[in-house]
Amino acid sequence: MNPLQRLAGNPVAYRRFVLNGRPVAEAVEALLRFATGGRLGVLDLAGLPNVRITTSGRKTGLARTATVQYVPVENGLLLVGSNWGRDRHPSWSANLKATQRVTVRRRGQRFVATVRMLTGEERDEAWSEVLVHWPNYQLAQDRAGGRRFRLFLLTPIG
């Protein structure tokens with residue numbers, strides 16, 4: 001485990017530096033993506049599992065790309081619409097909610113996946129799985145007040 005991963009995984013550090021340092025992290029993310037031609041970002045440096053998802057914007061139809069941390073599951077990837085614990089859903093989650101397919105880039109490999117927003121008992125089970133892999137999501141969920149994070153299951157096609 002690299003030092004940044006250890007720092008990000010520590011609940012006190014996560015609350016203080018990660019959740020409160022969102023503007024800095026987003027600026028560093030943009031700079032790293034630009035400097036490396038999209039190959040590296042903040043989550044890569046921290047050693048956290050992440051993917052770049054590309055889908056059509058629900059309003060414009062233009063390609064929209066976002067870097068998102070994921071939780072591996074048996075049949076795909078779980079994505080959590082935490083938006084740093086803010087009171088509104090991330091824009092990428094609205095685009096996923098409006099589509100059935102997404103292009104995923106993980107560790108240099110690209111594939112197409114189906115998208116399904118989880119609800120009910122299935123969502124609750126997935127949330128438990130998410131917290132096993134990344135307990136700090138609970139800190140972000142508590143910070144979000146009444147907003148319940150959207151959970152998406154991406155299942156590779158073929």
Side-chain angles (χ1 to χ4, degrees), residues 8 14 18-46 48-131 133-134 136-158:
Y14 183 80
V18 178
L19 291 178
N20 294 330
R22 176 190 53 80
V24 172
E26 289 176 342
V28 172
E29 172 74 13
L31 181 65
L32 281 171
R33 292 288 174 194
F34 177 77
T36 65
R39 289 184 310 275
L40 283 176
V42 172
L43 293 173
D44 297 303
L45 290 181
L48 299 174
N50 68 91
V51 290
R52 301 230 336 135
I53 55 170
T54 303
T55 189
S56 297
R58 69 191 186 289
K59 293 180 182 177
T60 65
L62 299 174
R64 301 292 182 207
T65 299
T67 302
V68 184
Q69 187 174 343
Y70 72 88
V71 172
V73 291
E74 185 176 317
N75 54 343
L77 310 170
L78 286 173
L79 304 185
V80 180
S82 67
N83 202 19
W84 303 83
R86 290 191 272 182
D87 61 356
R88 67 187 197 298
H89 295 290
S91 57
W92 63 260
S93 76
N95 290 335
L96 280 188
K97 189 177 173 189
T99 192
Q100 296 177 355
R101 293 176 189 242
V102 64
T103 301
V104 181
R105 183 198 249 167
R106 180 175 59 172
R107 290 186 229 121
Q109 295 185 334
R110 190 180 302 229
F111 60 91
V112 176
T114 60
V115 177
R116 192 160 54 86
M117 191 168 101
L118 304 178
T119 59
E121 187 176 313
E122 187 179 36
R123 187 219 178 268
D124 295 340
E125 289 174 15
W127 179 248
S128 295
E129 183 74 18
V130 163
L131 293 180
H133 283 23
W134 192 248
N136 286 335
Y137 272 128
Q138 187 61 56
L139 296 174
Q141 179 64 81
D142 295 344
R143 184 179 197 172
R147 179 177 72 85
R148 193 168 188 208
F149 293 168
R150 292 174 177 161
L151 296 185
F152 295 92
L153 176 63
L154 304 187
T155 308
I157 296 174

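Taking CG from L131 and NE2 from H133, the interatomic distance works out to 11.0 Å, rounded to the nearest 0.5 Å. Residue L151 holds its CG atom at 12.0 Å from CD of E125, rounded to the nearest 0.5 Å. One finds the CZ atom of R64 at 8.5 Å from the OG atom of S91 (value rounded to the nearest 0.5 Å). The CH2 atom of W92 sits 13.0 Å away from the OG1 atom of T54 when rounded to the nearest 0.5 Å.
Between T65 and R52 the shortest heavy-atom distance is CG2-NH2, 3.5 Å. Taking all atoms of both residues into account, the shortest heavy-atom contact from N83 to R88 is ND2-O, 2.8 Å. When all heavy atoms of A113 and V104 are compared, the closest pair comes out as CB-CG2, 4.2 Å. Across every non-hydrogen atom of F149 and G81, the tightest pair is CD2-O, 3.6 Å. Minimum heavy-atom separation, L32 to G41: CD1-C, 3.7 Å. Considering every non-hydrogen atom in both R148 and D124, the closest pair reads NH2-OD1, 2.5 Å.
Distance alone, capped at 3.5 Å, places no donor-acceptor pair between the N50 side chain and the T67 backbone. One N or O on the side chain of Q141 and one on the backbone of R147 form a donor-acceptor pair closer than 3.5 Å.
Looking at W127 and V80, their side chains come closer than 4.5 Å, going by heavy atoms from C-beta outward. Taking 4.5 Å as the limit, some side-chain heavy atom of L154 sits within range of a side-chain heavy atom of I53. A heavy-atom distance below 4.5 Å is not found between the side chains of L96 and R150.
Of the candidates R116, M117, R123, M117 is the only one forming a side-chain contact (heavy atoms from CB on, under 4.5 Å) with F152. Of the residues listed (T114, L79, L78), the one engaging L153 in a side-chain contact (heavy atoms from CB on, under 4.5 Å) is L78, and it is the only one.
For R58, the CZ atom sits in a packed shell: over 12 heavy atoms of surrounding residues, nucleotides or ligands are nearer than 6.0 Å.
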